Amino acid sequence: MEQLGEEIGRMLRPGDLVVLTGPLGAGKTTLTRGIAQGLGVRGPVQSPTFVIARTHPSLVDGAPLVHIDAYRLGSPAELDDLDIDFEASVVIVEWGRGMVDGLRDAWWEVELDRDGPTRPEAPRDALEPTRPGAPRDAPAARGEGVGTARGEGVGSHGRGQDDACYGVAHEAELDADTPRRVTIARRP
């Protein structure tokens, strides 16, 4: 996922907005880490779950990377309130579907999905509501079945430990080798 991100990062320019969508553990922050490498910005890149946004300045006289986690934001207005310089930055918004409309005329949308279960003991239907043929009333289709009420589950950055909120996420649970489906589209 990082290698794909690095290739994408080499193509992005100031003013580009990328919206990342996918379940916990799909690789959103891992992809962002690769994009940061491709842009040549200062790291480390970690999930900005509680700080909402982090700016990574360029080390190669390029655009800074602004990495936003919109999961805790309630509306596009709250994203706009962050006062991000979209024109001069490359902006990545995790959990940003439906949050960037009106902020930019166009953006890239990257949807990530794991092809296998994120936790070995979890039923497959609970973790893959977008799988072709999955029943619409599966627990995950209703927003259930990923993690627990206390926030224990897979880390959102796809590797090791996410100290921000998800506790320890072991490599065996994340299974970095599990294939991902990646869909990239230009919006709107």
Side-chain angles (χ1 to χ4, degrees), residues 1-114 130 143 146-147 151 154-160 162-166 180-188:
M1 193 60 59
E2 280 189 40
Q3 183 179 0
L4 173 62
E6 190 169 348
E7 290 176 32
I8 292 170
R10 286 193 293 267
M11 293 185 270
L12 295 173
R13 300 293 174 254
D16 282 338
L17 171 63
V18 180
V19 174
L20 302 180
T21 303
L24 291 174
K28 294 179 295 294
T29 303
T30 302
L31 182 70
T32 303
R33 190 176 295 118
I35 290 171
Q37 291 171 2
L39 288 170
V41 300
R42 187 176 70 207
V45 172
Q46 300 171 329
S47 179
T49 301
F50 286 108
V51 296
I52 308 297
R54 286 194 174 103
T55 299
H56 299 275
S58 177
L59 298 172
V60 294
D61 203 30
L65 169 66
V66 179
H67 182 198
I68 301 169
D69 187 327
Y71 185 80
R72 295 174 146 310
L73 300 178
S75 70
E78 289 183 21
L79 179 59
D80 191 36
D81 285 345
L82 296 175
D83 200 28
I84 304 298
D85 185 356
F86 287 95
E87 293 299 323
S89 306
V90 171
V91 179
I92 307 292
V93 183
E94 293 188 28
W95 304 100
R97 181 175 283 156
M99 299 293 282
V100 301
D101 302 48
L103 296 177
R104 304 292 294 158
D105 291 334
W107 60 90
W108 293 102
E109 188 163 289
V110 179
E111 180 146 6
L112 306 168
D113 199 7
R114 297 173 63 88
T130 59
V146 180
V154 292
S156 63
H157 59 73
R159 161 178 358 163
D162 185 347
D163 293 324
C165 66
Y166 298 108
R180 286 0 185 236
R181 281 187 304 268
V182 178
T183 305
I184 301 172
R186 188 73 169 156
R187 299 285 187 229

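Since this is a predicted model, take the numbers as computed values, not measurements.
- The minimum heavy-atom distance linking Gly98 with Pro76 is given by the pair O-CG, 3.5 Å.
- Applying the side-chain hydrogen bond (donor to acceptor under 3.5 Å, both in side chains) criterion to Arg97, with sequence neighbours excluded, gives Glu109, Glu111.
- For Leu59, the side chain to side chain contact (heavy atoms under 4.5 Å, CB included) criterion is met by Arg42, not counting sequence neighbours.
- Applying the salt bridge (charged side-chain N to carboxylate O under 4.0 Å, His left out) definition to pairs two or more places apart or across chains, those involving residues 79-91 are Glu87-Arg104.
- With a 4.5 Å cut-off on side-chain heavy atoms, Leu17 and Trp108 do not count as touching.
- Of the inter-residue distances, the one linking Phe86 atom CZ with Leu103 atom CG reads 5.0 Å to the nearest 0.5 angstrom.
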Please evaluate residues Val93 and Val18 with respect to the criterion side chain to side chain contact (heavy atoms under 4.5 Å, CB included), reporting the C-alpha separation (whole Å), side-chain torsions for both, the decisive distance (0.1 Å), and the verdict.
CA-CA 6 Å; Val93 183; Val18 180; over 6 Å; no
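- Between the CD1 atom of Ile52 and the CG atom of Leu79 there is a distance of 10.0 Å, given to the nearest 0.5 Å.
- Closest of all the heavy-atom pairs between His67 and Thr29 is CE1-CG2, 4.0 Å.
- Smallest separation of non-hydrogen atoms from Val45 and Ala36: CG2-CB, 3.5 Å.
- Distance CG/Leu12 to OG/Ser89: 12.0 Å, rounded to 0.5 Å.
- Of all heavy-atom pairs spanning Ala70 and Gly96, the tightest one is CB-CA, 4.4 Å.
- Taking CD1 of Ile68 as the start and CD1 of Ile84 as the end, the distance is 4.0 Å to the nearest 0.5 Å.
- Annotation: Gln3, atom CD; neighbour count of heavy atoms from other residues, nucleotides and ligands within 6.0 Å does not exceed 12.
- Side-chain contact, Ser47 with Glu94: no donor N or O sits under 3.5 Å from an acceptor N or O.
- A distance-only check finds no donor-acceptor pair linking the side chain of Arg180 to the backbone of Met1 [under 3.5 Å].
- In this structure, CH2 on Trp107 lies 13.5 Å from CG on Asp16, to the nearest 0.5 angstrom.
- Contact check for Leu4 versus Leu31: side-chain heavy atoms found under the 4.5 Å cut-off.
- Leu24 CG to Arg114 CZ: the interatomic distance, rounded to the nearest 0.5 Å, is 10.5 Å.
- Counting only residues at least two apart or on different chains, the salt bridge (charged side-chain N to carboxylate O under 4.0 Å, His left out) pairs with a member in residues 3-13 are Glu6-Arg10.
- Sorted by first and then second residue, the side chain to side chain donor-acceptor pair (under 3.5 Å) pairs involving residues 54-65 (not counting sequence neighbours) form an empty list.
- In this structure, the side chains of Tyr71 and Thr49 stay at 4.5 Å or more apart for every pair of heavy atoms.
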Before giving the answer on side chain to side chain contact (heavy atoms under 4.5 Å, CB included), spell out for Ile184 and Ile8 the whole-Å C-alpha distance, their side-chain angles and the decisive distance to 0.1 Å.
CA-CA 11 Å; Ile184 301 172; Ile8 292 170; 4.1 Å; yes
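- With hydrogens and angles ignored, the 3.5 Å screen pairs no side-chain donor or acceptor of Lys28 with any backbone N or O of Thr21.
- Under the side chain to side chain contact (heavy atoms under 4.5 Å, CB included) test applied with Ile35, the options Ile92, Val41, Thr30 reduce to a single match, Ile92.
- Heavy atoms only, all atoms of each residue included: Ala63 and Ala88 are closest at CB-O, 3.7 Å.
- Between Thr32 and Leu20 the shortest side-chain heavy-atom distance falls below 4.5 Å.
- Taking the side chain to side chain contact (heavy atoms under 4.5 Å, CB included) definition, one finds that Ala106 meets it with Arg186, Pro188, sequence neighbours left out.
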